[in-house]
Peer 1: 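Right, I'll just put the structure down here and ask away after.
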Amino acid sequence: QVQLVESGGGLVQPGGSLRLSCAASGFTSEYYAISWFRQAPGKEREGVSCITSTDGTTYYADSVKGRFTISRDNAKNTVFLQMNSLKPEDTAVYYCVLHGDTECYYYRKGETDLGSWGQGTQVTVSS
């Protein structure tokens, strides 16, 4: 049974940092692209970042480029999202997503109706 469990969210001041973790079980995450999406109150879900399984190519939304870094620890079956220089507009529930592809194809399409999603972790950026 595929399961994705996010952790690491919380309340942080603007300019601060958080590191989100996505622990995968029921499958070997290193064989698949893993994405992070987020949903802010009153807004649609949007892609944040994705990492491929083939060569570790990474993709980022323009709004987070230079501030967020996605990585994976295959030994721990875990994917991370390091978030630096956080802004109030980063406030959202962050989800880890398995679409089942290897090259972040569905992430780049902005696919939010398919795949396996974690329960989400709340990130609040506020002073």
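When a residue number appears, it is its place in the shown sequence, counting from 1.
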Peer 1: Tell me whether Glu111 contacts the main-chain N or O of Leu114 through its side chain, where contact means a donor paired with an acceptor under 3.5 Å.
Peer 2: yes
Peer 1: If Ile, Leu, Val, Met, Phe, Trp and Tyr residues are connected whenever their side-chain heavy atoms lie under 4.5 Å apart, and connections chain through other members, are Val12 and Tyr94 in the same group?
Peer 2: yes
Peer 1: I want to check something: taking the side chain as every heavy atom from C-beta on, are Tyr95 and Thr121 in contact at a cut-off of under 4.5 Å?
Peer 2: no
Peer 1: I want to check something: taking the side chain as every heavy atom from C-beta on, are Glu6 and Trp36 in contact at a cut-off of under 4.5 Å?
Peer 2: yes
Peer 1: Stepwise, does the side-chain hydrogen bond (donor to acceptor under 3.5 Å, both in side chains) test hold for Glu103 with Thr54?
Peer 2: CA-CA 7 Å; Glu103 298 293 340; Thr54 50; 2.6 Å; yes
Peer 1: Does Asn77 use its side chain to pair, donor to acceptor, with the backbone of Ala24 at less than 3.5 Å?
Peer 2: yes
Peer 1: From Gln119 CD over to Cys96 SG, what is the distance, rounded to the nearest 0.5 angstrom?
Peer 2: 9.5 Å
Peer 1: Indicate yes or no for a side-chain donor-acceptor contact from Thr91 to the backbone of Val125 under 3.5 Å, with no hydrogens or angles considered.
Peer 2: yes
Peer 1: Can you tell me how far apart OH (Tyr107) and CD1 (Ile51) are? Round to the nearest 0.5 Å.
Peer 2: 12.0 Å
Peer 1: Within the structure provided, determine whether Leu81 and Phe68 are in side-chain contact (heavy-atom separation under 4.5 Å).
Peer 2: yes
Peer 1: Is Leu20 close to Met83 at the side-chain level, that is, under 4.5 Å between some pair of heavy atoms?
Peer 2: yes
Peer 1: So, do Arg38 and Val64 sit near enough that their side-chain heavy atoms are less than 4.5 Å apart?
Peer 2: yes
Peer 1: Looking at Asp62 and Lys65, is any side-chain nitrogen of the basic one under 4.0 Å from a carboxylate oxygen of the acidic one?
Peer 2: yes
Peer 1: Would you indicate whether the side-chain heavy atoms of Leu98 and Val2 approach each other to under 4.5 Å?
Peer 2: yes
Peer 1: Taking atom CD as the centre, does Glu89 end up with more than 12 heavy-atom neighbours from other residues, nucleotides or ligands that are less than 6.0 angstrom away?
Peer 2: yes
Peer 1: Roughly how far apart are Cys104 SG and Tyr59 OH, rounded to 0.5 Å?
Peer 2: 6.0 Å
Peer 1: From Tyr32 OH over to His99 NE2, what is the distance, rounded to the nearest 0.5 angstrom?
Peer 2: 14.0 Å
Peer 1: Under a 4.5 Å side-chain heavy-atom rule over Ile, Leu, Val, Met, Phe, Trp and Tyr, are Leu4 and Val123 clustered together?
Peer 2: yes
Peer 1: Under 4.5 Å between any side-chain heavy atoms of Pro14 and Pro88, yes or no?
Peer 2: yes
Peer 1: Could you tell me whether the side chains of Asp73 and Thr78 share a donor-acceptor contact shorter than 3.5 Å?
Peer 2: no
Peer 1: Can you confirm whether Ser126 sits close enough to Leu11 that some side-chain heavy atom of one is under 4.5 Å from a side-chain heavy atom of the other?
Peer 2: yes
Peer 1: Supply the atom-to-atom distance Arg45 CZ to Asp113 CG, rounded to the nearest 0.5 angstrom.
Peer 2: 8.5 Å
Peer 1: Show, in sequence, the C-alpha distance, side-chain angles and deciding distance for Ile70 and Val79, and conclude whether the side chain to side chain contact (heavy atoms under 4.5 Å, CB included) test is met.
Peer 2: CA-CA 7 Å; Ile70 190 171; Val79 175; 3.9 Å; yes
Peer 1: Supply the atom-to-atom distance Leu18 CG to Thr124 OG1, rounded to the nearest 0.5 angstrom.
Peer 2: 9.5 Å
Peer 1: Could you pull out the closest heavy-atom pair between Ser85 and Arg67, with the gap in Å?
Peer 2: O-NH1, 2.9 Å
Peer 1: Centroid separation under 6.0 Å, is that true for the rings of Phe37 and Trp117?
Peer 2: yes
Peer 1: Within 45° of the six-membered ring axis of Phe80 and under 6.0 Å from that ring's centre, is NZ or CZ of Arg72 located there?
Peer 2: no
